[in-house]
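Counting begins at 1 with the first residue of the sequence.
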Amino acid sequence: MSMDGRLSIGGLAKAAGVKVVTVRYYEKVNLMPEPSRTEGNYRAYKREHLQRLRFIRRCRDLGFTLDQVREIMQLSVQAERDCSGIDQLTAKHLADIERKIADLKSLAAELRRINRRCPGNRTIANCRILEALSASKVRLQC
């Protein structure tokens, strides 16, 4: 911490492991509150800003969208409320991730199948991979 326990935007970004432009963007989309300004009109961030930025970064690392992060933050300030809203949001996100994983596994299996069709020692004119990739089953002319 510097500036009487406050951080510059560069110091905040470095401490949270993000770029300065990311901090400015999060301020612009109202995920980060505007910091106070020094006499020289520089941003002066407090520890709370760093905690918020680290929270946002962790959520983003877990694949949450900015809208989901915003919703989680809105729910997080309602300390006496039950946590079912956050549970539902994370359960939906997990289901989306698991669906994407299944799609990627299917895609990988299809690419493995296509790759096995061609040993790699044929001419382009006889390439089974190009044949498999062709939607109309007509060979591409190169």
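Looking at Asp82 and Ser84, their side chains do bring a donor and an acceptor atom within 3.5 Å of each other.
A distance-only check finds a donor-acceptor pair linking the side chain of Arg54 to the backbone of Ala15 [under 3.5 Å]. No donor-acceptor pair under 3.5 Å is formed between the side chain of Arg57 and the backbone N or O of Val18.
With respect to the salt-bridge test (charged N to carboxylate O, under 4.0 angstrom), the residues Glu27 and Arg24 do not qualify. Between Arg99 and Asp96 a salt bridge is recorded (basic side-chain N to carboxylate O distance below 4.0 Å). Arg58 and Asp61 are not joined by a salt bridge, as no carboxylate oxygen comes within less than 4.0 angstrom of a charged side-chain nitrogen.
The line from CG of Leu75 to CZ of Arg81 is 5.0 Å long, rounded to the nearest 0.5 Å. Atoms OG1 and CD1, from Thr90 and Ile72 in turn, are 7.5 Å apart once rounded to the nearest 0.5 Å. A distance of 8.0 Å separates NE2 of His49 from CG of Leu12, quoted to the nearest 0.5 Å. Interatomic distance, Leu7 CG to Arg43 CZ, rounded to the nearest 0.5 Å: 13.5 Å.
Both Tyr25 and Ile9 are part of a single hydrophobic cluster, where members link through side-chain heavy atoms under 4.5 Å apart. Leu94 and Leu89 are assigned to two separate hydrophobic clusters, defined by single-linkage of ILVMFWY side chains at heavy-atom distances under 4.5 Å.
Within the 4.5 Å cutoff, the side chain of Leu66 has heavy atoms near those of the Tyr26 side chain. Counting heavy atoms from C-beta outward, Ile56 and Met32 have side chains that approach closer than 4.5 Å.
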